[in-house]
Amino acid sequence: MNEHAGKDEAAGTMQQGHELLQAGALEKALAEFTRAEELYSAAGDGQREARACTNKALVLVQMKRFEDALDGFRWSLKLFEKGDEFIRVAEQYGNIGSVHRDLEQPDEALENYA
């Protein structure tokens, strides 16, 4: 598969993930976002890989799989930092802080929110 075809497939997979998420099909949405993340990674598109990973992590939060969500947000953070996407970096710190809030870890939450 060439890079362009991989990105096209990933974009369709992301769209399917969003539709499944809207329908409340969390497991299926998770699978689609995970697949999109893999496709973007294989295509060498770190920024879109990070967006797919963020979507995956947001689904994991809804599923109360907080440790997996933290892993996803931290990976996205690293990818966004490489791409100098400062707004996305800030969003990831906010996401990480919110997971710590949900885990009733206020010190960690505040540290990430700061």
Side-chain angles (χ1 to χ4, degrees):
M1 176 184 308
N2 68 38
E3 179 180 322
H4 185 71
K7 287 183 183 182
D8 286 347
E9 182 181 348
T13 303
M14 283 281 282
Q15 180 61 37
Q16 183 66 24
H18 287 295
E19 290 171 10
L20 289 163
L21 183 58
Q22 290 294 322
L26 297 181
E27 288 288 344
K28 290 179 180 181
L30 177 62
E32 293 299 309
F33 291 137
T34 299
R35 177 76 177 132
E37 178 185 16
E38 293 165 354
L39 290 166
Y40 282 129
S41 177
D45 190 333
Q47 298 311 291
R48 286 191 176 100
E49 175 188 352
R51 288 181 183 142
C53 186
T54 298
N55 289 337
K56 176 183 80 174
L58 290 167
V59 172
L60 288 164
V61 167
Q62 290 185 38
M63 298 170 79
K64 308 268 189 249
R65 292 175 48 187
F66 296 119
E67 292 303 321
D68 292 334
L70 283 173
D71 289 343
F73 290 136
R74 288 178 181 136
W75 180 246
S76 294
L77 173 65
K78 287 180 184 187
L79 292 173
F80 285 134
E81 286 175 332
K82 284 182 186 178
D84 292 330
E85 289 199 42
F86 301 114
I87 298 297
R88 300 274 185 190
V89 167
E91 288 172 346
Q92 298 318 302
Y93 279 116
N95 288 333
I96 292 167
S98 293
V99 172
H100 285 294
R101 179 203 62 217
D102 292 347
L103 290 170
E104 298 181 8
Q105 299 170 336
D107 293 338
E108 291 88 346
L110 290 173
E111 180 181 324
N112 283 282
Y113 288 147

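It should be emphasised that the depicted structure is a prediction, and the values quoted were computed from it without experimental measurement.
- If you take NE2 on His18 and CG on Asn55, they are separated by 4.5 Å, rounding to the nearest 0.5 Å.
- Judged as a salt bridge (charged side-chain N to carboxylate O under 4.0 Å, His left out), not a single pair has a partner in residues 69-80 (not counting sequence neighbours).
- By the 4.5 Å heavy-atom criterion applied to side chains, Gln92 and Asn95 are counted as neighbours.
- No chain of hydrophobic side-chain contacts below 4.5 Å, direct or via other Ile, Leu, Val, Met, Phe, Trp or Tyr residues, connects Trp75 to Leu70.
- The OG1 atom of Thr34 sits 11.0 Å away from atom CG of Leu39, with the distance rounded to the nearest 0.5 Å.
- At most 12 heavy atoms of other shown residues, nucleotides or ligands fall within 6.0 angstrom of atom OH in Tyr93.
- Here the closest non-hydrogen pair linking Thr54 and Ser76 is OG1-OG, 3.1 Å.
- Considering only residues two or more places apart in sequence or on other chains, Ala25 meets the side chain to side chain contact (heavy atoms under 4.5 Å, CB included) condition with Leu20, Lys28.
- Think of Phe86 as one node in a network of Ile, Leu, Val, Met, Phe, Trp and Tyr side chains linked at under 4.5 Å; it has no links at all.
- How far CZ of Arg35 is from CD of Glu9: 5.0 Å, rounded to the nearest 0.5 Å.
- In this structure Phe73 satisfies the ring-ring contact (aromatic ring centres under 6.0 Å, His included) test with no other residue, sequence neighbours excluded.
- Every residue two or more places apart in sequence or in another chain that forms a side chain to side chain contact (heavy atoms under 4.5 Å, CB included) with Arg101 is listed here: Ser98, Ala109, Tyr113.
- Looking at every heavy atom in both residues, Ala29 comes nearest to Gly17 through CB-O, 3.6 Å.
- Gln105 pairs by the side-chain hydrogen bond (donor to acceptor under 3.5 Å, both in side chains) definition with His100, not counting sequence neighbours.
- By the rule that hydrophobic residues join a cluster once side-chain heavy atoms approach within less than 4.5 Å of another member, Phe33 and Leu79 end up as members of separate clusters.
- Shown here are the side chain to side chain contact (heavy atoms under 4.5 Å, CB included) partners of Glu111, two or more places apart in sequence or in another chain: there are none.
- The line from CZ of Phe80 to CD of Gln47 is 6.0 Å long, rounded to the nearest 0.5 Å.
- For Asp45, the side-chain hydrogen bond (donor to acceptor under 3.5 Å, both in side chains) partners two or more places apart in sequence, or in a different chain, are Arg48.
- Qualifying side chain to side chain contact (heavy atoms under 4.5 Å, CB included) partners for Glu104, counting only residues two or more places apart in sequence or in other chains: none.
- Note: the hydrophobic cluster containing Leu30 also contains Leu21 (ILVMFWY, side chain heavy atoms under 4.5 Å, direct or indirect links).
- Take Glu108 and apply the side-chain hydrogen bond (donor to acceptor under 3.5 Å, both in side chains) test, not counting sequence neighbours, and it matches no residue.
- Residues meeting the salt bridge (charged side-chain N to carboxylate O under 4.0 Å, His left out) test with Arg88, sequence neighbours left out: Glu85, Glu91.
- Phe66 and Leu110 are not part of a single hydrophobic cluster, where members link through side-chain heavy atoms under 4.5 Å apart.
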In residues 56-65, what donor-acceptor pairs under 3.5 Å come from side-chain atoms, sequence neighbours left out?
| residue | atom | partner | partner atom | Å |
| --- | --- | --- | --- | --- |
| Lys56 | NZ | Glu37 | OE1 | 2.9 |
| Arg65 | NE | Asp68 | OD2 | 3.3 |
| Arg65 | NH2 | Asp68 | OD2 | 3.1 |

